[in-house]
Number of protein chains: 2
Amino acid sequence: MTSTADAPRSPGRPRSIRADEAIIEATLDLLAEGSTIEALSIEAIATRAGVGKATIYRRWAGKDALLLDALRRLKGVMAQPAGHSVRDDLVLLVGAIGKNVDPRAAKIMPCLAPAVNRSADQFQLYQNIISPRRQLMREVLRRGIDEGVLRADIDVEVTMALLTGPMLIQRVLQWNPDLDEQSLPERVVDAVLEGIQVR
Amino acid sequence: MTSTADAPRSPGRPRSIRADEAIIEATLDLLAEGSTIEALSIEAIATRAGVGKATIYRRWAGKDALLLDALRRLKGVMAQPAGHSVRDDLVLLVGAIGKNVDPRAAKIMPCLAPAVNRSADQFQLYQNIISPRRQLMREVLRRGIDEGVLRADIDVEVTMALLTGPMLIQRVLQWNPDLDEQSLPERVVDAVLEGIQVR
DNA sequence: GCGTTACGAGTCTGACCCGTATCGTATTTC
DNA sequence: GAAATACGATACGGGTCAGACTCGTAACGC
């Protein structure tokens, strides 16, 4: 976190906000262009941002801290279900999976998969990001049960995995190139709702 | 590919099969111990395998070629559905997702996620590995339709994503730590079969 | 036993990178 | 205008690694 705090005003030249921006942007750009997290070097970021290395080290302790800030910037606002139709809310939530405001996110997200399971810290960070989103879906499912739209005997957690999984593997892994991503949320939700068995 | 071909017999000392094995094993071991693909160095592999660097370069053009062979080794045999019950076959196939004979696979697989989408070559390799498995599941679903167990109007491709996704995100990303992986295949298959909607 | 090839171990050059320090300059407060 | 802090640029020592190379030795066919 860059100290944009309420400092009473320190003497000397203040830190350039443009440099802050340039560094974060350069980081995200390089990642989106295909660099892996660990292949990403401070030197490359500095050059790309048109900034001296010292300017980066003055703000962040190291690559990890910088990445943390950069990725935070990437996270979009959470989708807000309308609350009318359970099906429509689920389509909205499923469609929001792995979708961020920043178009670079699509390229960057797959890189995070390995990082997430390497250290407990990063795993926790990841869980912190997705758990409110999971909670949102959980509430919609519970509401569906309460309203009598969904069966009362379903396993909510498994159902969430059912809805999330297909979207995630498609967006992050491009699991099946022939699958149309555009219509996938709707089709997934409907399939899960109706089941595939003959009745 | 190591040339274990049908060479008529070349003069000189033959390549050591033990060295071949040791190099591949060292590679997989290092990956399973948490090394990332790109952090993995030929030098480290050579040291771990008790082998000279030249011995590796004599066999493979570079890290990529070596990794290709190593990962090939990792892929287990494909599950073979019994063909009696569609449900049981699906449970078997879903349970086999991301599950390999080699226990190291579980640690290694997440690392491949980013690599897969970096280059067209690696993406193709990945598709080559999973597409026969996808075909297997596709056939089971078609059989289910033919036998009248599954509805004829389902989208087979979406259904496959539905069955595969939850298992994959759980095994590869540990998406939800609270989800019991053991019973997941059965629960996923049943949920997809029956749907979650009140009927 | 001779030519050939492989072996493990090691060396060497040239990259690239980290994190710190030091330039001369620019911008701010007092 | 002086002190303080920032800036971009660049140099530094210390580190890792790729690949090509060199040892002396080992295993094979003829």
Side-chain angles (χ1 to χ4, degrees), chain A residues 1-27 29-31 33-70 111 115, chain B residues 1-27 29-31 33-70 111 115:
Chain A
M1 233 130 347
T2 320
S3 61
T4 330
D6 41 51
R9 198 68 177 125
S10 61
R13 176 174 175 176
R15 293 206 179 150
S16 157
I17 300 173
R18 290 191 53 187
D20 275 286
E21 285 293 332
I23 294 166
I24 297 277
E25 286 302 303
T27 306
D29 280 347
L30 287 172
L31 280 178
E33 280 167 18
S35 168
T36 359
I37 286 190
E38 51 195 1
L40 196 65
S41 71
I42 300 281
E43 265 173 356
I45 295 172
T47 303
R48 173 62 155 263
V51 145
K53 278 203 290 177
T55 304
I56 296 182
Y57 282 110
R58 208 172 284 127
R59 289 163 164 78
W60 291 279
K63 194 165 68 177
D64 287 354
L66 168 55
L67 275 174
L68 213 83
D69 270 16
C111 308
Chain B
M1 232 140 334
T2 321
S3 60
T4 331
D6 40 51
R9 199 70 178 116
S10 61
R13 176 173 173 175
R15 295 213 175 139
S16 156
I17 299 173
R18 292 190 53 186
D20 276 285
E21 285 292 332
I23 294 167
I24 297 276
E25 286 302 302
T27 306
D29 281 347
L30 288 171
L31 280 177
E33 279 166 21
S35 167
T36 0
I37 285 190
E38 51 197 0
L40 196 64
S41 71
I42 298 282
E43 264 172 356
I45 295 172
T47 303
R48 174 61 156 263
V51 144
K53 277 202 289 180
T55 303
I56 296 182
Y57 282 111
R58 207 172 285 126
R59 290 165 164 76
W60 292 279
K63 195 164 67 177
D64 287 354
L66 168 55
L67 275 174
L68 212 85
D69 270 16
C111 308

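Hydrogens, waters and symmetry mates are skipped; everything else that's a heavy atom, side chains included, is used.
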Check whether [X] reaches the backbone of [Y] with its side chain - one donor and one acceptor, N or O, closer than 3.5 Å.
X       : Y       : answer
A:Lys63 : A:Ser41 : no
A:Thr36 : A:Glu38 : no
B:Ser35 : B:Leu31 : no

Is the shortest side-chain heavy-atom distance between [X] and [Y] below 4.5 Å?
X       : Y       : result
A:Glu43 : A:Arg48 : no
B:Ile45 : B:Val51 : no
B:Ile23 : B:Trp60 : yes

Nearest-angstrom distance from the residue atom [atom1] of [X] to [atom2] of [N]:
X       : N      : atom1 : atom2 : answer
A:Arg59 : D:dC7  : CZ    : C1'   : 9 Å
B:Ile23 : C:dA6  : CD1   : P     : 13 Å
A:Ile17 : D:dC7  : CD1   : C1'   : 15 Å
A:Glu38 : C:dC17 : CD    : C1'   : 13 Å
A:Asp64 : C:dG19 : CG    : C1'   : 15 Å
A:Lys63 : C:dC16 : NZ    : C1'   : 13 Å

ask   = Considering heavy-atom distances to DNA chain D, does B:Arg13 or B:Arg58 have its closest nucleotide positioned more toward the 5' end?
value =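 Whichever sits nearer the 5' end wins; that is B:Arg58.
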
request  = Would you mind telling me which of C:dA6, C:dC17, D:dC7 lies closest to the side-chain atoms of A:Ser16?
outcome  =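 For the A:Ser16 side chain, the nearest candidate turns out to be D:dC7.
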
request  = Counting heavy atoms from C-beta on, name the nucleotide in D:dC7, D:dT5, C:dT20 closest to the side chain of A:Tyr57.
outcome  =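 Within the option list, the nearest is C:dT20.
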
ask   = Where along residues 42-56 of chain A does a heavy atom fall under 4.0 Å from DNA chain C?
value =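 Result for residues 42-56 of chain A: A:Ile42, A:Glu43, A:Lys53, sorted by number.
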
inquiry  = Check this one for me: any side-chain N or O of B:Arg15 less than 4.0 Å away from OP1 or OP2 of C:dT4?
reply    =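 Checking C:dT4 against B:Arg15, no side-chain N or O comes under 4.0 Å of OP1 or OP2.
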
